[in-house]
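Only a predicted model underlies this, so the values are computations on that prediction, with no experimental measurement involved. Naming convention: chains lettered A, B, ... in sequence-line order (proteins, then strands); numbering from 1 in each chain.
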2 protein chains.
Amino acid sequence: MIELEQILKKNNVKPTAMRLLVLQFLLNKKSAISLTDVEEYFVKSDRTTLYRTLKTFVESELAHKIDDGTGVTKYALCEENCHCEIDTDLHLHFHCKLCNETSCLTDHKIPNISLPKNFIAEDVNLVVKGICNKCNSN
Amino acid sequence: MIELEQILKKNNVKPTAMRLLVLQFLLNKKSAISLTDVEEYFVKSDRTTLYRTLKTFVESELAHKIDDGTGVTKYALCEENCHCEIDTDLHLHFHCKLCNETSCLTDHKIPNISLPKNFIAEDVNLVVKGICNKCNSN
DNA sequence: TAGTGTATGCAATGGAAGTGCATTAATTTG
DNA sequence: CAAATTAATGCACTTCCATTGCATACACTA
């Protein structure tokens, strides 16, 4: 528990009860989760609070925001020492159309992309859709 | 004009007046457009009709749907001979945060992606965000 | 020409993101 | 310690976009 507090403090986020709980929840999830997921888990808490909690996490580089193409924003904790930097920290996301889960393939960094002249890249989003290993083996 | 009809017929889409107009509109656009863009252009037509027209185009592989991370679905005509196939047809999209335009970098195919064992890729979406060449030169 | 199927238009719904404001909790400062 | 300031939370509401149901209009076929 104390560890959780440390994580938040390290990123200059005040460790409120709500934030600790949401952080814990995210830690337990292997796949990326949506605001609705969090909302369904913390029924007693308000949607807005959860929304802002996630927003705070993203702004303080504790979590990253994932657009997996489903139209619903997903969130996942950053890896240790992640600064959400292009070329080094950004990885591939995989969305399974069967189980509907979006997972972070953190080992799969985004390949180097050459852009036409005068284009400046600031962020890259790479999402692969298909069938994940779990669903494939069933 | 007759050309437009041919395009539709080739993809088994009945060439109605509305569809011809929307197709024409898409042809004139270099960047990907949203339903709202189309709606603003064809003020007299109904949103639903335009929505379904675009949907029809996507389903008949005349256009592809782009999720550029803005939260608004964009559409762009497929290239000649496109079958929306992974590895050969899918290309990079670039979203400029200044002019807010999403462009198809059709010359930039998506690099080969190696997935972990038992993952099956069916679709890939690669979006780079930053500043486009036009905005960069101003 | 009648009949069938598709396209269109209108109205309405639903989901998700986001904002404004009042209230409460926490922290700083005199 | 109390007052004052700042931050976090909860509630209500708005907005935006995607999507559907149903009735009408159009087009094609028998």
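For the pair B:L54 CG and D:dC17 P, the computed distance is 14 Å after rounding to whole Å. Separating the CG atom of B:L50 from the P atom of C:dA7 is a distance of 15 Å, rounded to the nearest angstrom. Whole-Å rounding puts the B:Y75 OH to D:dA18 P distance at 6 Å. In this structure, A:L8 places its CG atom 16 Å from C1' of C:dA26, rounding to the nearest Å. Taking atom CG of A:L21 as the reference point, atom P of D:dT9 lies 10 Å away to the nearest angstrom. Atom pair B:N12:CG and C:dT6:P shows a separation of 13 Å (rounding to whole Å applied). Nucleotide D:dT9 holds its P atom 16 Å from the CD atom of A:E39, rounded to whole Å. Atom CG of A:L20 and atom P of D:dT9 are 10 Å apart (whole Å).
With contacts defined as side-chain heavy-atom distances shorter than 4.5 Å, the pair B:F94/B:T102 does not qualify. Side-chain atoms of A:V58 and A:H64, non-hydrogen and from C-beta on, never get closer than 4.5 Å to each other. Annotation: side chain of B:H95 is in contact with side chain of B:K129 (closest heavy-atom distance under 4.5 Å).
Remark: B:R47 engages B:E39 in a salt bridge, criterion side-chain N to carboxylate O under 4.0 Å. We find that B:K109 and B:E79 are joined by a salt bridge, their nearest charged nitrogen and carboxylate oxygen being less than 4.0 Å apart. Ion pairing between A:K30 and A:E101 fails under the 4.0 Å rule for side-chain N and carboxylate O.
Of the candidates D:dG10, C:dT8, D:dT19, D:dT19 carries the atom nearest the B:K65 side chain, counting heavy atoms from C-beta on. With distances taken from any side-chain atom of B:T16 to the nucleotides C:dT27, C:dG20, C:dA7, the minimum falls on C:dA7. The listed nucleotides are D:dT19, D:dT9, D:dA18; the one nearest the side chain of A:M18 is D:dT9. Of the candidates D:dA18, C:dC10, C:dA17, the closest approach to any side-chain atom of B:Y51 belongs to D:dA18. Checked against D:dA8, D:dT19, D:dG10, the side chain of A:K14 finds its nearest nucleotide in D:dA8. You'll find that the side chain of A:R52 is closest to D:dT9, out of C:dT8, C:dA17, D:dT9. Considering only side-chain atoms of B:T48, the nucleotide from D:dC17, C:dT19, C:dA11 that sits closest is C:dA11.
Phosphate contact (OP1/OP2 of D:dG10, side-chain N/O of A:T49, threshold under 4.0 Å): present.
Checked against the 6.0 Å centroid threshold, A:F25 and A:Y41 count as a close aromatic pair.
Heavy-atom distances to DNA chain C give each of A:K55 and B:R19 a nearest nucleotide, and the one nearer the 5′ end belongs to B:R19.
Judged by distance alone, with hydrogens and angles left aside, the side-chain atoms of A:D46 form a donor-acceptor pair with the main-chain N or O of A:T48 at under 3.5 Å.
Residue contacts for B:S45: at a heavy-atom cut-off of 4.0 Å it reaches the sugar-phosphate backbone alone, with no base atom in range.
Over its length, the helix from C:dT1-D:dA30 to C:dG30-D:dC1 turns its helix axis by 10°, as judged from the five terminal pairs at each end, rounded to 10°.
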